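Everything quoted here is computed from the prediction, not taken from an experiment. Values below: all heavy atoms of this structure, side chains included; hydrogens, waters and symmetry mates excluded.
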Amino acid sequence: MRKFTTLNDREILALAISSEEEDARIYVDFAYALREKYPDTANIFTDMAHEENEHRRDLIDLYVERFGQHVPLIRRQDIAGVMVRRPAWQVQSLGIEAVRRHACQMETDAARFYRQAALRTNDAATRKLLGDLAVAEDRHEQAAGVIELKRLPAGKREDEDEDARRRFVLQVIQPGLVGLMDGSVSTLAPVFAAAFASHRPWEAFLVGIAASVGAGISMGFAEALSDDGKLSGRGAPVLRGLICGLMTTAGGIGHTVPFLIDRFPVAMSVAMGVVVVELLLISWVRWRYQDTPFGSAVVQIVFGGALVFAAGILIGSAG
């Protein structure tokens, strides 16, 4: 791998040309991937790709004028110390904000490269072009600024961010909340019925584990089979089912684990405390992501939980 300081003018221009080609392709990939869910941001990346192609043409014109028609292939990964671009697909998988941040970082790296390259050449025309490109990349860094203000005003960006939030709620929060509610509330009756019927923590623990795992499997399948997510926008059914099943199991296990304590009064007290925390957590999630007033959420969840809890105690005491 060669050092940047060993490159001559011909090689610096060749590296700049291949870099602009790569950046343009990345922006085109971003635009293509975002075109359906984030059309305005996709338009930004289309504009950025167009500008990168303009930079590439300017570099090629200067190269041909100085060195002829053949441009050697020199890429970023061939030069030590030059920032290598991450594949577009890898960045896209991290979400829209990661894509926007990556684009800004790309332009920062490009501006730094052109400034260093300009210092390496004594040719006036080459130095002028590289310096101009550094300034252009500085402006491009505000692609989240200059171009974004033109194509993606605050209102549209807020709309896109709100769309992303809604998808997150539909695909992750909603199935998780359904599972947590079912696991935390529906298992109260069997766990506390077993506890009061036997006064043996270990037996209550076994019942709680069985009820939690069984409910998790049942709820996971029910959620996954409820719809394929294509029309509702609720995402992949397998992922929803997995989230729902795991949260259902977790909700039941929370107040089951305290029954590992040998002393029944202590185990019962700890388990009841965990139930209160679970119900408050569910209320908070509903308030945070479903726009339910916190007071109303607490009353609704606690009331439902109290009814199931009371049913468990009555059934257990009758035994």
Side-chain angles (χ1 to χ4, degrees), residues 169 172-227 234 237-290 292-319:
V169 170
V172 178
I173 296 298
Q174 191 177 77
L177 181 60
V178 168
L180 186 60
M181 290 175 63
D182 185 84
S184 297
V185 176
S186 68
T187 58
L188 287 176
V191 171
F192 285 96
F196 274 90
S198 66
H199 282 75
R200 294 175 182 172
W202 179 246
E203 291 185 9
F205 175 78
L206 292 179
V207 170
I209 290 294
S212 300
V213 173
I217 294 172
S218 175
M219 287 295 293
F221 273 100
E223 178 63 33
L225 297 174
S226 62
D227 83 77
R234 297 179 65 213
V238 173
L239 178 60
R240 290 198 331 268
L242 183 63
I243 292 171
C244 186
L246 289 175
M247 292 305 294
T248 301
T249 303
I253 286 178
H255 50 256
T256 297
V257 169
F259 288 102
L260 287 173
I261 301 172
D262 289 335
R263 296 178 60 192
F264 179 76
V266 176
M268 181 61 68
S269 299
V270 174
M272 292 175 65
V274 171
V275 169
V276 172
V277 172
E278 289 172 346
L279 297 180
L280 290 176
L281 176 61
I282 293 170
S283 301
W284 180 85
V285 173
R286 293 191 65 202
W287 166 76
R288 176 67 177 80
Y289 292 101
Q290 295 191 329
T292 303
F294 187 73
S296 299
V298 170
V299 170
Q300 293 166 8
I301 297 299
V302 171
F303 180 71
L307 288 178
V308 177
F309 180 75
I313 293 176
L314 290 174
I315 294 171
S317 300

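With rounding to the nearest 0.5 Å, the separation of CZ in Phe196 from CE in Met268 is 4.0 Å. Residue Leu281 holds its CG atom at 11.5 Å from CE of Met181, rounded to the nearest 0.5 Å. The CG atom of Leu180 sits 12.0 Å away from the CG atom of Leu246 when rounded to the nearest 0.5 Å. Between atom CD1 of residue Ile173 and atom CZ of residue Arg286 there is a gap of 13.5 Å, rounded to the nearest 0.5 Å.
Each salt bridge (Lys or Arg N to Asp or Glu O under 4.0 Å) pair with one or both residues in residues 294-310, not counting sequence neighbours, would appear here, but there are none.
With sequence neighbours left out, Phe264 forms a ring pair (Phe, Tyr, Trp, His ring centres under 6.0 Å) with His199. When the side chain to side chain contact (heavy atoms under 4.5 Å, CB included) test is applied to Met219, the partners found at least two apart in sequence or on another chain are Val178, Asp182, Cys244, Thr248.
Checked by atom type and distance alone, the side chain of Arg240 never pairs as donor or acceptor with a backbone atom of Pro175 at under 3.5 Å.
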Identify all side-chain donor-acceptor contacts of residues 203-212 below 3.5 Å with residues at least two apart in sequence or on another chain.
from: Glu203; atom 1: OE2; to: Arg200; atom 2: NH1; distance (Å): 3.1
from: Ser212; atom 1: OG; to: Gly208; atom 2: O; distance (Å): 2.7
from: Ser212; atom 1: OG; to: Gly252; atom 2: O; distance (Å): 3.4
from: Ser212; atom 1: OG; to: Ile253; atom 2: N; distance (Å): 3.3

Side chains of residues 302-315: which donor-acceptor pairs under 3.5 Å do they make with residues two or more places apart or in other chains?
none

Give the table of side-chain donor-acceptor pairs shorter than 3.5 Å for residues 271-280, with sequence neighbours excluded, one pair per line with atom names and distance.
from: Glu278; atom 1: OE1; to: His255; atom 2: ND1; distance (Å): 2.8
from: Glu278; atom 1: OE2; to: His255; atom 2: N; distance (Å): 3.3
from: Glu278; atom 1: OE2; to: His255; atom 2: ND1; distance (Å): 3.4

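The heavy-atom pair separating Val266 from Ile261 by the smallest distance is CG1-CG2, 4.0 Å. In this structure, Ala195 and Phe259 approach most closely via the heavy-atom pair CB-CE2, 3.8 Å.
Counting heavy atoms from C-beta on, the side chains of Thr256 and Thr187 never come closer than 4.5 Å.
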